[in-house]
2 protein chains.
Amino acid sequence: MPTVSVENYLKAILHLEEGEEGRVSTTAIAEKVGATPASASAMMSRLGDRGWVEHERYYGVSLTEKGQRIAMEILRRHRLWERFLVDHLGFEWDQVHEIAEELEHVDSRELVNRLDAFLGFPKLDPHGDAIPGPNGRFRSVAARTLLAEAPRNLDLVVVGVVDGGDAFLRHLGVLGIELGSRLTVMERHSFDGSLHVRFADVDELQLLAPSVCARLWVDQSNPAPVIVFPENDPPS
Amino acid sequence: MPTVSVENYLKAILHLEEGEEGRVSTTAIAEKVGATPASASAMMSRLGDRGWVEHERYYGVSLTEKGQRIAMEILRRHRLWERFLVDHLGFEWDQVHEIAEELEHVDSRELVNRLDAFLGFPKLDPHGDAIPGPNGRFRSVAARTLLAEAPRNLDLVVVGVVDGGDAFLRHLGVLGIELGSRLTVMERHSFDGSLHVRFADVDELQLLAPSVCARLWVDQSNPAPVIVFPENDPPS
DNA sequence: TTAAATTTTTAGGCAAGACTAAACAATTTT
DNA sequence: AAAATTGTTTAGTCTTGCCTAAAAATTTAA
């Protein structure tokens, strides 16, 4: 049975592994869990002993199969609890991370599976991140693009955020952006990558900083159905 | 901020204090939390340092005002989570204690209060025990009697269990007894205090051992309304 | 009222997990 | 290629919480 601290380390490594290929550095892990590199280093050899990470001295670590299974389970619990907090207790999406951080360590397979069912087997957490299933693999997630890379003149819908810390989420609140917001890229400014976008429910153009555009997942929204009439038989 | 271990000790002391008046012994506490008396003794001086218990060497401890406040908060969380597990996740009342034992240590005032509201501000947990309110005091609980002490020939309803461990609760299941069961004491056997009772929904008399009768809270059930007609004007 | 039994505390260890300071390895810079 | 910088590990210490074994205090029995 992993301790709370061990679970936090495994989760941190999982998080750092995605994106960066290869091994993860001790210092990065330390920073993520809020400890000194020395503490992280000590933890890494303990995790290595238990077979949860592969540790090459001075070159970082990577999760083993077993370590990954545990980390995915934690992630699953975290994201399910976030759904519960938002959907049923009325929390905002920028208030749930810290609490889920505690709830995720409650260890009961039965509890998690029943919670999953209670929530209706959700595929995504309140920030649009995929929730792993009971098998430890992600449920299918729709194709998505970063807003920063989306083409112009398409009807888009915000489906997720990248690495959504509370500060970023609150900033989105200020901008009036949330999951499901519909928008269109009107102009891309090559100077710094900032975008002029038009929101479906607002008149004016709005300028979005590249720091925002690079952290929003969007998908093409299903276009409103267009009714096409045969050319030579217009309606009366 | 108390640790999980500290919270468990405070809860154990609270539990032992009710009933037994005066101070609580180190050994009893040790047994309750599953540690040796030596460990409990060490913990008591730590709790004393932090002002959560009054510790008279060799004569046991009692909770201070502050200690009691913390312990009641834990109890509140425990019982609210039990309600959640039974009411919304479909657990049986003999399956929830262990899980609630973990959930109770999740520390967020906001979470607990929202959970309370979500559950509809329940007064009792699934075992019929009172749930402390946000102020740390019990919500009003109806008058109740132990079945072992209830008078004969009254319509009674089971409203709670004393000290309901999972084994006892499962035994009640075998006997077909649950919260809300209606029964009448037909005969009290002075030999050992066992009772012959008749359940409202069953024909035969059933014999209940004193070990069961002493651990069931009952209340007088509202008698079915009796329609009384004036004597000299019977209905047609 | 001593002696025996019980309960409680102290003493001395151990493991997890954190820290600082110092040593060591790897990477950049010059 | 040597020097400086950066990153990682080791060494030594601290706290919490647990343990066993032994000492001290209290209670019970003779």
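Letters A, B, ... are given to chains in the order of the sequence lines, protein chains preceding strands, and every chain is numbered from 1. All values reported here derive from a predicted model rather than from experimental measurement.
In this structure, B:Ser39 reaches the bases: a heavy-atom distance under 4.0 Å links it to at least one base atom across the strands shown. Using a 4.0 Å heavy-atom cutoff across all strands shown, B:Ala38 reaches at least one base atom of the nucleic acid.
The side chain of B:Thr36 has D:dT20 as its nearest neighbour among D:dT20, D:dT26, C:dA18. Nearest nucleotide to the A:Tyr58 side chain, out of C:dT27, C:dA25, C:dG17: C:dA25. Residue A:Tyr59 has its side chain nearest to C:dT27 when only C:dA18, C:dT27, D:dT9 are considered. Of the candidate nucleotides D:dG17, C:dA26, D:dT27, D:dG17 has the atom nearest to the side chain of B:Val6. Comparing C:dA16, C:dT9, D:dT16 against the side chain of B:Thr3 picks out D:dT16 as the nearest.
Of the charged side-chain nitrogens involved, none lies within less than 4.0 Å of a carboxylate oxygen, so that B:Arg69 and B:Glu73 do not count as a salt-bridged pair.
Between A:Glu7 atom CD and C:dA16 atom C1' the separation is 15 Å, expressed in whole Å. For the pair A:Asp49 CG and C:dA16 C1', the computed distance is 13 Å after rounding to whole Å. As rounded to whole Å, 11 Å separates atom P of C:dT7 from atom CD of B:Glu31. Distance B:Asn8 CG to D:dC18 C1': 14 Å, rounded to the nearest Å. The distance between atom CH2 of A:Trp52 and atom C1' of C:dA16, rounded to the nearest whole Å, is 13 Å. Rounded to whole Å, the distance from CG on B:Leu47 to P on D:dG17 is 9 Å. Atom NE2 of A:His105 and atom P of C:dG17 are 12 Å apart (whole Å). Taking atom CZ of residue B:Arg23 and atom P of nucleotide C:dT7, one finds them 18 Å apart after rounding to whole Å.
A tilted orientation is assigned to the rings of A:Phe118 and A:Phe84, their planes being inclined by 30° to 60°. Ring pair A:His189/A:His196 is perpendicular by interplanar angle, where above 60° counts as perpendicular and below 30° as parallel.
Aromatic ring centres of B:His88 and A:His88 lie farther apart than the 6.0 Å criterion allows.
Between B:His78 and B:Asp125, the side chains place no donor N or O within less than 3.5 Å of an acceptor N or O (distance only, hydrogens not considered).
Contact annotation: B:Thr26 reaches the phosphate of C:dT9 (side-chain N/O to OP1 or OP2, under 4.0 Å). Note on B:Arg46: every side-chain N or O is 4.0 Å or more away from OP1 and OP2 of D:dT16.
Projected onto DNA chain C by closest heavy-atom contact, A:Val4 and B:Ser45 fall at different nucleotides, the more 5' of which corresponds to B:Ser45. Comparing B:Arg57 and A:Arg57 along DNA chain C, the residue whose closest nucleotide (by nearest heavy atom) sits nearer the 5' end is B:Arg57.
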